[in-house]
Amino acid sequence: MQDVLNVPPAKWRDDEEISIFSDAVGQFFERECKPHVEEWRKQGYVPHEMWKKAGEAGLLCASVSEEYGGAGGDFRHEAVIIEQQQWKGIDGFGITLHNAIIAPYIEAFGSEEQKKKWLPRLASGDLIAAIAMTEPGTGSDLQAVKTTAKKDGNHYVINGSKTFISNGQTANLIVTVAKTDPSKGGKGISLIIVETDEVEGFERGRNLEKIGQKAADTSELFFNDVRVPTSNLLGPEEGQGFVQLMTKLPQERHVIGLQGVGMIERAIAETIAYVKQRQAFGGTIWDFQNTQFKLAECKTEATVAKVFADHCTQLLIENKLDAATASMSKYWISDLQCKIIDECLQLHGGYGYMDEYPIGQMYADARVQRIYGGANEVMKMLIARTM
Ligand SMILES: Cc1cc2nc3c(=O)[nH]c(=O)nc-3n(C[C@H](O)[C@H](O)[C@H](O)COP(=O)(O)OP(=O)(O)OC[C@H]3O[C@@H](n4cnc5c(N)ncnc54)[C@H](O)[C@@H]3O)c2cc1C
């Protein structure tokens with residue numbers, strides 16, 4: 001799988017520890033997860049025991065410091081987890097969101113006390129994380145969120161509803177985007193941690209039925225006078241939420257680019273294997289020049305994507321990945337992912353349209369990559385602002 005593109009290893013991969021870690025992660029996914037993927041797709045979520053197993057194997061909070069219970073790695077470790085998860089087709093296990101998107105908010109903006117309280121339990125899998133930004137009335141226009149958190153003594157009282165929240169059925173730690181001062185627009189937004197096992201008034205809606213990513217639980221969440229201590233505010237003061245989100249969204253967006261490259265590699269590998277054995281007109285599908293040209297184009301574009309994604313990973317490790325470049329990774333790679341998977345599906349013929357074939361699943365799974373984490377149009381807006 002890894003060799004399908006023959007891209008020379010990027011500088012950040014040139015470390016024996018990273019390649020040993022990558023192999024171990026791949027073996028974990030193969031051994032512990034792959035046999036259950038079909039069951040997870042049917043039930044619509046990954047059970048909590050699997051999170052605990054991943055925690056024991058050192059896959060959760062891989063880039064969080066050891067003093068807070070993490071594995072003490074860095075973004076390289078997250079990048080290889082993302083890659084291996086895509087290569088092995090471990091659909092829907094929301095580790096990346098937990099590790100590379102939510103834990104960094106707590107590590108970057110949490111107080112010492114907050115980090116000690118939540119990170120070790122996120123690393124063990126006792127806590128499963130979600131981030132609740134989107135609401136029924138607003139997604140792209142994040143500043144327009146309506147959920148409020150009003151101070152009442154030493155508590156916040158949270159009211160509002162969220163939708164499309166990944167890990168929404170299983171998460172018990174939710175980074176909630178709420179307005180602590182609705183009169184201030186974006187400057188009135190704060191991030192507040194809700195530990196769902198500790199509160200009253202929190203309800204989960206149904207597990208939403210999606211066209212793809214069937215094993216991932218995605219839900220509506222309702223906050224009805226949910227009281228949390230004021231010490232659950234992330235950061236030293238109210239009103240920092242929007243800036244905190246803008247600081248961390250480039251990493252989230254590049255994560256989507258990395259997921260795209262990993263899935264593209266799997267799609268091409270699956271397609272090469274399929275067309276070389278499928279017989280038609282006295283030969284194989286591979287024998288047609290059209291098939292070879294199509295796959296040559298896919299391989300070329302995928303190589304360009306991987307080199308760019310590796311470049312973005314290097315920038316991120318050096319703390320130099322800006323919002324516009326991360327937006328390029330997210331929008332361009334996710335568009336390419338959908339295009340390449342569509343070509344690969346075509347070469348599978350009718351079998352490609354069957355849900356039991358990996359390429360059909362990838363076709364449906366890929367589509368949301370152009371929407372979540374900020375729609376691709378919003379990415380272009382961010383890029384255009386730099387010109
Ligand atoms: C499977 C899944 C998982 C998700 N997980 C999470 C999660 O964990 N947490 C969370 O908070 N959210 C999550 N989301 C929500 C996701 O981030 C939003 O769907 C996304 O930001 C778009 O918001 P919206 O759906 O409200 O679309 P809208 O904001 O209504 O936009 C609709 C469309 O309008 C166009 N558009 C919007 N703005 C512009 C613009 N400025 N310029 C040009 N065109 C524009 C785009 O084509 C866009 O797709 C998830 C969504 C899905 C489907």
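In listed order, ligands and their atoms are each counted from 1. Values reported hereafter were calculated over all heavy atoms of this structure, with side chains retained and with hydrogens, waters and symmetry mates removed.
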Nearest-0.5 Å distance that lies between atom [atom1] in [X] and atom [atom2] in [Y]:
X    : Y    : atom1 : atom2 : result
S329 : I256 : OG    : CD1   : 9.0 Å
F29  : Q84  : CZ    : CD    : 7.5 Å
L347 : C298 : CG    : SG    : 7.5 Å

Does only the side chain of [X] get under 4.0 Å from ligand 1, or the backbone, or both, or neither? Count heavy atoms.
X    : value
V368 : side chain
Q213 : neither
E377 : side chain

Element-labelled atoms of ligand 1 that are located less than 4.0 Å from some non-hydrogen atom of [X]:
X    : answer
M381 : 41 (N)
I165 : 7 (C), 8 (O), 9 (N), 10 (C), 11 (O)
G373 : 17 (O)
A375 : 46 (C), 48 (C), 49 (O)

Could you tell me whether ligand 1 has any atom less than 4.0 Å away from a heavy atom of A216?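 No, that is not the case, since the closest heavy atom of the residue is not under 4.0 Å from the ligand.
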
Just to check, does K210 reach to within less than 4.0 Å of ligand 1 when the distance is taken from its heavy atoms?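 True for this residue.
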
Is there a donor-acceptor pair closer than 3.5 Å between any side-chain N or O of K184 and the backbone N or O of K187?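 No; judged by distance alone, with no hydrogens or angles, the pair does not exist.
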
Which heavy atom of N172 sits nearest a heavy atom of D126, and at what distance? ND2-O, 3.2 Å

How about atom 41 (N) of ligand 1: does it have a protein heavy atom within less than 4.0 Å? yes

